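Because the structure is a prediction, the values reported are computed rather than measured. Indexing begins at 1, ligand by ligand and atom by atom, following the structure's order.
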Amino acid sequence: METIAAIATPNGVGAISIVRLSGDNAYEIAKKLTKKDLTPRVATLSKLYNNKNELIDIGLVIYFKAPNSFTGEDIVEFQCHGGVIVSRLVLETLFEYGARAAFPGEFTKRAFLNGKIDASQAEAIAKLIETRSREGAKLLSRQLDGDLGEFVDEVREKLIEIMAYTEVFIDYAEEDLPETLGYEIEERLAKIEHLLKHTLEVSKRREGMLSGYKIAIVGKPNVGKSSILNALLNKQRAIVSDIAGTTRDTIEEDIQIGSHLIRIIDTAGIRAAKDEIEKIGVERSKEAIKEADIVLAVFDATEFTDEDEQILNIIKESGKDTIIVINKIDKGIDSDISKFENMPVVKISAKEDITPLVEKLKEILDSYSGEDEHVLISARQINAVEKALKSIEESKEFLQTGELELFSYQIQDAIRAISEITKPFEYDEMLDKMFGSFCVGK
Ligand SMILES: Nc1nc2c(c(=O)[nH]1)N(C=O)[C@@H](CNc1ccc(C(=O)N[C@@H](CCC(=O)O)C(=O)O)cc1)CN2
Ligand SMILES: Nc1nc2c(ncn2[C@@H]2O[C@H](COP(=O)(O)OP(=O)(O)OP(=O)(O)O)[C@@H](O)[C@H]2O)c(=O)[nH]1
Ligand SMILES: [K+]
Ligand SMILES: [Mg+2]
């Protein structure tokens with residue numbers, strides 16, 4: 001393979017900057033800079049020279065001999081002094097000696113093409129680099145470790161078993177098929193469907209884990225929505241005043257609660273709007289509820305009006321996870337909280353202490369994450385599972401009519417679909433399985 005090079009560390013001033021070189025000529029090119037032999041997987045302190053024989057740095061050089069490297073090819077890493085110049089000089093020298101600039105993601109693409117990582121691991125790497133969520137990082141490191149690979153293997157195994165089992169009866173005449181065959185296979189299919197559907201559902205719920213859970217603060221004007229936003233952010237982000245209708249447009253900010261990344265959205269108060277701008281604000285509030293994972297419904301502790309009642313109904317209808325926030329308790333409590341039925345209620349003063357709200361949020365967010373579940377992290381992965389489910393659904397028809405060959409094709413499609421998550425389906429693998437443990441003396 002062509003030898004590619006790139007600076008692997010961010011552009012800027014830092015202690016160390018790493019230049020990576022991968023491909024057939026990596027070692028040969030590296031030797032031109034170091035003028036010495038390199039022992040594989042040993043960090044060697046070496047002078048680095050450009051092609052005019054001028055010293056450009058003294059750095060640590062590591063040679064990863066193929067196939068034992070990240071890409072599976074010969075890799076040489078130059079760990080040079082940081083800043084924007086030195087690594088640039090090293091890179092330019094590598095180009096002088098015949099390396100070319102790597103495309104974005106090309107090292108990882110080579111790792112995939114050389115079988116070092118599967119497609120789900122490649123996606124995990126891309127997202128791990130980008131995520132700003134601690135729990136997202138946790139999930140992605142599990143996926144990098146092959147978590148989804150195990151899930152695919154499990155589903156694939158079960159589908160292959162069904163095929164192997166069916167294959168035995170394919171040459172039977174329809175009327176000779178054992179009666180229990182249909183039940184047996186249906187039962188097995190149902191289990192797989194359940195697993196796939198459960199995984200889809202979990203994954204949809206966990207979307208916020210990576211991109212940040214959306215939390216909308218809603219309520220009638222002046223209940224203290226912006227004050228709550230500011231208290232959560234610990235800074236005066238939004239304008240607070242005793243004038244109803246202070247917040248006119250939605251305000252979004254990211255914060256970390258525990259290990260969760262959340263995007264908090266302060267909205268204009270919901271009320272019977274008089275002017276055009278107000279109406280737009282109210283619409284945006286309703287939009288925010290629709291998009292939110294959790295709604296903070298804010299009420300003034302000293303009153304509960306018809307307007308509040310209406311807002312409460314809008315929120316109930318949305319079916320969203322909601323926290324009822326009774327604010328301004330420093331002024332005393334007047335409202336009767338029985339109308340909130342079994343919704344969680346916190347009583348706070350945005351002016352004094354919002355700890356009960358933070359604790360409740362943390363509790364709900366914690367309940368969203370389950371350690372032991374597989375989570376799909378991309379549209380590509382979700383699509384693969386949906387396609388597999390569709391094929392399984394379609395296969396059932398052929399099972400009922402006893403058209404086992406056609407049934408078997410549908411199951412093969414399902415296997416092919418689920419395998420897209422990690423790697424393309426190999427028919428050999430199925431044959432091995434069939435003629436191995438599942439051969440029933442045919
Ligand atoms: N300096 C440095 N740090 C890094 C990377 C890198 O490329 N360079 N990585 C880059 O993303 C990540 C680590 N990923 C790596 C994955 C595999 C191998 C590797 O050498 N694999 C060999 C040997 C395996 C072993 O000894 O267990 C192999 O798979 O055969 C190296 C790094 C994060 N940290
Ligand atoms: N006593 C007391 N006053 C509060 C509390 N929270 C907010 N306020 C006051 O209530 C008024 C309205 O607060 P805001 O935060 O602007 O309310 P809002 O819901 O964002 O209002 P709009 O954006 O106009 O809909 C301000 O004068 C705040 O200082 C609280 O916990 N206790
Ligand atoms: K206000
Ligand atoms: Mg406001």
Would you say [X] and [Y] make side-chain contact, with heavy atoms under 4.5 Å?
X    : Y    : result
V13  : V84  : no
S408 : E167 : yes
L148 : Q121 : no

Separation between CG of L21 and OH of Y63, rounded to the nearest 0.5 Å: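 Interatomic distance, L21 CG to Y63 OH, rounded to 0.5 Å: 11.0 Å.
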Flag: protein heavy atom within less than 4.0 Å of [atom]:
atom                    : answer
atom 3 (N) of ligand 1  : no
atom 16 (C) of ligand 1 : yes
atom 6 (C) of ligand 1  : yes
atom 26 (O) of ligand 1 : yes
atom 13 (C) of ligand 1 : no

Using ring centroids (six-membered ring only for Trp), state whether F64 and F70 fall under 6.0 Å.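 Aromatic pair excluded; centres sit 6.0 Å or further apart.
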Just to be sure I understand the cut-off, which residues have at least one non-hydrogen atom under 4.0 angstrom from an atom of ligand 2?
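Under the 4.0 Å cut-off, ligand 2 touches P221, N222, V223, G224, K225, S226, S227, V240, S241, D242, I243, A244, G245, T246, T247, G269, N327, K328, D330, K331, S349, A350, K351.
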Considering only heavy atoms of [X], which atoms of ligand 1 have at least one such atom less than 4.0 Å away?
X   : value
Q79 : 1 (N)
P67 : 30 (O)
R20 : 6 (C), 7 (O), 10 (C), 11 (O)

Is the terminal nitrogen or CZ of [X] (NZ for Lys, CZ for Arg) located under 6.0 angstrom from the six-membered ring centre of [Y] and within 45° of that ring's axis?
X    : Y    : answer
R188 : Y165 : yes
K35  : Y49  : yes
R20  : F107 : yes

Without hydrogens or angle criteria, can the side chains of [X] and [Y] be said to hold a donor-acceptor pair below 3.5 Å?
X    : Y    : result
E54  : N50  : yes
S226 : D266 : yes
R156 : S419 : yes
K220 : T305 : yes
S22  : T71  : yes

For [atom], the protein heavy atom that lies nearest, with its residue and separation:
atom                    : result
atom 32 (C) of ligand 1 : F70 CB, 4.2 Å
atom 29 (O) of ligand 1 : K116 NZ, 3.1 Å
atom 1 (N) of ligand 1  : E77 OE1, 2.9 Å
atom 24 (C) of ligand 1 : R41 NH2, 4.4 Å

Looking at the K ion (ligand 3), is there an N, O or S atom belonging to [X] that lies under 3.4 Å away from it?
X    : answer
S241 : yes
G245 : no
T246 : yes

Next on the checklist: Any carboxylate oxygen within less than 4.0 angstrom of a Lys/Arg side-chain nitrogen, looking at R237 and E252?
Outcome noted: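 The answer is no: the pair does not qualify as a salt bridge.
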| Heavy-atom contacts under 4.0 Å between A8 and ligand 1: side chain, backbone, both, or neither? |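 No part of A8 comes within reach of ligand 1.
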